[in-house]
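Right, one structure below, let's go through it.
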Amino acid sequence: MLPILYHYEASPFAELVRAAFGVKRLAWGSVLVPNILPKPDQTRLTGSYARTPMVQIGADIYCDTGAILPALEALPGPSLYPAPLGPLHRMIASWANGPQFFAHVGAAMGAMPADAMGEGFIKDRQARFGMDLAALGKSAPHLTAQAMVASAWLSDTLADGRAFIGGDAPGAGDLALYSNIWFVRAVPFAAATAAAMLGQPHVADWYARMAGFGHGERREMTGDEALALAAADPLPVSGSVDAPFTAGMLAGVSQEGTRDAPSVGRLLRCDSVSIVIARDVEGAGTVHVHFPRLGQVVASA
Ligand SMILES: N[C@@H](CCC(=O)N[C@@H](CS)C(=O)NCC(=O)O)C(=O)O
């Protein structure tokens, strides 16, 4: 079944998934969504989750790269968790996509004038994430210094001549480190920082290898075309519902660090790996919405 990415071009987390499609040489559907609320094509499926990216595979809806990459892993193509690092790729990715992402936001956007961001974007990020432009500008040198640590450590890792952080094959950790630098590189105001990152020994060659995977085979589609493909049976759910939660209870899933409303549904899985809720969607029937456990807040609804 064709995976469908809900995304916008400038999103670094979406670039991570586009590059994962490239590594796996997959064909995928592309539904473009706005970079600010509202995002009706996306939220009618997720319930509320509006962050970018989201991936739909039939009636299974994957929110957050922590759930998306494991779902792509089940599709044909090279592994995103290749040996010898295997699951260690996840730990590296969660560092790169967590504290290091915020450092790269500072490195990329700290020097950006407010009018380059646009009023709608600033208001959206203030309301949802508490973004404070003046504070971001002040902490930009510190955050840039923090982001440079990732490039320096990446450079050290590649110093023995390996092609990717785990050896011959790229994995989720490479994708996460790559999408952070991609973000800084995409912002013209941060050109000097991007040059300093890529100027670390071995980093530019590694970056070129990552970029060389491309994005797989992208096919544009509308939100309504994607919704029609959700009118299918969701995959059977594995895992368990761990205490204090109970199977079938109405639960809301929200994300640490945002004020976005929770996605509400019947709880089918909530263990240390993953969360799955079932929702009824007009025009599609029952869908299963998947989240990673890391970074998600679950509460009865
Ligand atoms: N933990 C999430 C983070 C995703 C994230 O923060 N995405 C940014 C865009 S790159 C976002 O959602 N910004 C708000 C928006 O796009 O509405 C993941 O791994 O997918």
Side-chain angles (χ1 to χ4, degrees), residues 3-21 30-56 61-73 80 89-109 112 117-118 120-131 133 136 147 171-187 190 253-263 273-275 289-297:
I4 301 166
L5 176 65
Y6 291 67
H7 66 136
Y8 52 88
E9 307 295 353
S11 159
F13 281 96
E15 177 62 15
L16 191 164
V17 177
R18 293 184 295 249
F21 287 135
S30 158
V31 174
L32 287 170
V33 297
N35 66 352
I36 57 174
L37 295 179
K39 310 186 188 192
D41 287 345
Q42 176 171 335
T43 52
R44 66 186 171 184
L45 286 166
T46 62
S48 181
Y49 186 88
R51 296 182 82 167
T52 309
M54 180 276 263
V55 163
Q56 172 195 345
I61 309 298
Y62 298 92
C63 300
D64 191 297
T65 52
I68 294 169
L69 262 55
L72 300 190
E73 183 68 1
L80 300 173
H89 270 289
R90 285 193 201 123
M91 293 194 194
I92 297 163
S94 64
W95 175 72
N97 288 336
Q100 276 297 322
F101 174 65
F102 290 105
H104 284 75
V105 168
M109 294 172 70
M112 201 191 263
M117 289 185 206
F121 180 86
I122 294 169
K123 281 197 176 138
D124 180 275
R125 295 306 189 264
Q126 266 167 356
R128 297 169 62 200
F129 306 108
M131 183 177 87
L133 264 194
L136 187 66
D174 294 274
L175 290 165
L177 292 161
Y178 169 75
S179 62
N180 280 347
I181 301 178
W182 177 90
F183 183 33
V184 178
R185 207 169 160 263
V187 175
V253 183
S254 51
Q255 290 69 51
E256 291 171 350
T258 92
R259 297 172 192 154
D260 285 353
S263 294
V273 175
S274 162
I275 302 163
V289 187
H290 302 248
F291 301 86
R293 190 65 186 89
L294 192 71
Q296 310 298 315
V297 184

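When a residue number appears, it is its place in the shown sequence, counting from 1. Counting convention: from 1, in listed order, for ligands and their atoms alike.
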Quick one: nearest non-hydrogen protein atom to [atom], plus distance?
atom                    : value
atom 6 (O) of ligand 1  : R51 NH2, 2.7 Å
atom 9 (C) of ligand 1  : Y8 OH, 3.3 Å
atom 13 (N) of ligand 1 : R125 NH2, 3.6 Å

Which heavy atom of E9 sits nearest a heavy atom of W182, and at what distance?
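So the two residues come closest at O-CH2, 3.3 Å.
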Assess the side chains of Q296 and E256: does a donor N or O sit below 3.5 Å from an acceptor N or O?
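Q296 vs E256: no donor-acceptor pair found between side chains.
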Side-chain contact, heavy-atom cut-off 4.5 Å: [X] with [Y]?
X    : Y   : value
H7   : S30 : yes
L294 : D64 : no
F183 : L16 : no
V289 : L45 : no

Does [X] have a heavy atom less than 4.0 Å from any atom of ligand 1?
X    : answer
G295 : no
K39  : yes
F129 : yes

Need the ligand 1 atom indices (1-based, order shown) with element for anything under 4.0 Å from a heavy-atom of [X].
X    : answer
F13  : 3 (C), 4 (C), 5 (C), 6 (O), 7 (N), 10 (S), 18 (C), 19 (O), 20 (O)
A50  : 17 (O)
N35  : 15 (C), 16 (O), 17 (O)
P53  : 20 (O)
P12  : 10 (S)
R128 : 14 (C), 15 (C), 17 (O)

Can you tell me which portion of Q255 lies within the under-4.0 Å heavy-atom range of ligand 1? Options are side chain, backbone, both, or neither.
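Answer for Q255: neither.
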Specify side chain, backbone, both or neither for A14, according to which of its non-hydrogen atoms lie closer than 4.0 Å to ligand 1.
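None of A14 does.
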Please determine if [X] has a nitrogen or oxygen closer than 3.5 Å to a nitrogen or oxygen of ligand 1.
X   : answer
N97 : no
S11 : no
D64 : yes

For the backbone of [Y] and the side chain of [X], can you confirm whether one donor and one acceptor N or O come within less than 3.5 Å of each other?
X    : Y    : result
N180 : L177 : no
E15  : S179 : no
Q42  : Y49  : yes

Among P53, C63, P3, find the one that has a side-chain contact (heavy atoms from CB on, under 4.5 Å) with I68.
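Running side-chain contact (heavy atoms from CB on, under 4.5 Å) over P53, C63, P3 with I68 returns exactly one hit, P53.
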Quick test of your reading of the structure: of D260, T65, T52, whose heavy atom lies closest to atom 7 (N) of ligand 1?
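That would be T52.
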What distance do L136 atom CG and M117 atom CE have between them, rounded to the nearest 0.5 Å?
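Going from CG on L136 over to CE on M117, the span is 6.5 Å.
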